[in-house]
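Note that the structure is a prediction, hence the values are computed from the model and not measured.
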Amino acid sequence: MSGNDGLQLPISTEPDVVYVRQAVRKLASELGFSLIDQTKLVTATSELARNALIYGGGGMATIEKISQHTRTGIRLTIVDQGPGIENIEKALQDGYSTGSGLGLGLGGAKRLSNEFELQSTPGAGTKVAITRWL
């Protein structure tokens, strides 16, 4: 897989979540993603960026155009330095939340992506990467 230098955007306020969503939608549109796939990608982006803000105390989003053989995609990586996730398996279950949310964010983002990676260390932060292919 090859990528290019990604666009990095901080996530420290609610408007930052909107900027990340807009940047993902712009790139998806430029690459020719269907409206349905753009919506899936933007919805997953919103969930992950909001999680980084609310549970991680903010973070950094990297948005990349990637290619693998003949296909093109978008990879979104969000990293925070928050408290991390104690039980990743449980956090991916619908209905589980350590906050006041519905507990659909992480699992939903996984379902809306073609590839999903989650690394978290309690006390050291979380890194989530999703990929959606054309």
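- Between Arg75 and Glu117 there is a salt bridge, since at least one side-chain N of the basic residue sits less than 4.0 Å from a carboxylate O of the acidic one.
- Ser34 OG to Leu41 CG: the interatomic distance, rounded to the nearest 0.5 Å, is 10.5 Å.
- Residues meeting the side chain to side chain contact (heavy atoms under 4.5 Å, CB included) test with Thr13, sequence neighbours left out: Pro15, Asp16.
- Distance check, rounded to the nearest 0.5 Å: CD1 of Ile85 to OG1 of Thr126 gives 4.0 Å.
- Across every non-hydrogen atom of Gly6 and Glu64, the tightest pair is CA-CG, 3.7 Å.
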- request: Using the side-chain contact (heavy atoms from CB on, under 4.5 Å) rule, take Leu48 and Leu106 through it: C-alpha gap first, then chi angles, then the decisive distance, then the call.
  value: CA-CA 7 Å; Leu48 297 177; Leu106 276 178; 3.8 Å; yes

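- Summarising the geometry, atom OG1 belonging to Thr131 is positioned 8.0 Å from atom CG belonging to Asn114; distances are rounded to the nearest 0.5 Å.
- Under a cut-off of 6.0 angstrom, the local environment of OH in Tyr19 is sparse, with at most 12 non-hydrogen atoms contributed by other residues, nucleotides or ligands.
- Taking the side chain to side chain contact (heavy atoms under 4.5 Å, CB included) definition, one finds that Lys26 meets it with Glu30, sequence neighbours left out.
- Qualifying side chain to side chain contact (heavy atoms under 4.5 Å, CB included) partners for Gln81, counting only residues two or more places apart in sequence or in other chains: Val79.
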message: Test side-chain contact (heavy atoms from CB on, under 4.5 Å) on Arg111 and Phe116; report intermediate values, then the result.
response: CA-CA 9 Å; Arg111 286 189 295 274; Phe116 180 89; over 6 Å; no

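- Annotation for Leu35 and Arg25: closest pair CD1-NH1, 4.3 Å, computed over non-hydrogen atoms.
- Here the shortest heavy-atom pairing between Gly56 and Pro83 reads CA-CD, 4.3 Å.
- The side chain to side chain contact (heavy atoms under 4.5 Å, CB included) search around Leu9 returns Leu7, Val20, Ala23, Ile63, not counting sequence neighbours.
- Pairing each heavy atom of Ala61 with each of Ile11, the nearest pair is CB-CD1, 3.9 Å.
- Linking Ile, Leu, Val, Met, Phe, Trp and Tyr whenever their side-chain heavy atoms come within less than 4.5 Å leaves Leu112 and Leu118 in two separate clusters.
- Listed for the Thr77 side chain is no donor-acceptor partner under 3.5 Å among the backbone atoms of Val128.
- Atom-to-atom distance recorded for Trp133:CH2 and Ser113:OG is 12.5 Å, nearest 0.5 angstrom.
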task: Apply side-chain hydrogen bond (donor to acceptor under 3.5 Å, both in side chains) to Gln68 and Arg71, showing your working.
output: CA-CA 5 Å; Gln68 183 180 54; Arg71 63 184 183 167; 2.6 Å; yes

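- Atom-to-atom distance recorded for Lys127:NZ and Met60:CE is 14.0 Å, nearest 0.5 angstrom.
- Residues Ile74 and Val18 do not share a hydrophobic cluster, defined by chaining ILVMFWY side chains whose heavy atoms lie under 4.5 Å apart.
- Between Ala49 and Ile78, the closest heavy-atom pair is N-CD1, 3.5 Å.
- Nearest heavy-atom pair across Ala44 and Ile130 is CB-CD1, 3.7 Å.
- Remark: Asp37 engages Arg132 in a salt bridge (Lys or Arg N to Asp or Glu O under 4.0 Å) (not counting sequence neighbours).
- In terms of modelled atom types and a separation under 3.5 Å, the side chain of Thr43 and the main chain of Thr39 share a donor-acceptor contact.
- Looking at Gln38, its side chain does come within 3.5 Å of a backbone N or O of Phe33 through a donor-acceptor pair.
- Expressed to the nearest 0.5 Å, how far CD of Gln22 lies from OG1 of Thr45 amounts to 12.0 Å.
- Considering only residues two or more places apart in sequence or on other chains, Glu86 meets the salt bridge (Lys or Arg N to Asp or Glu O under 4.0 Å) condition with none of them.
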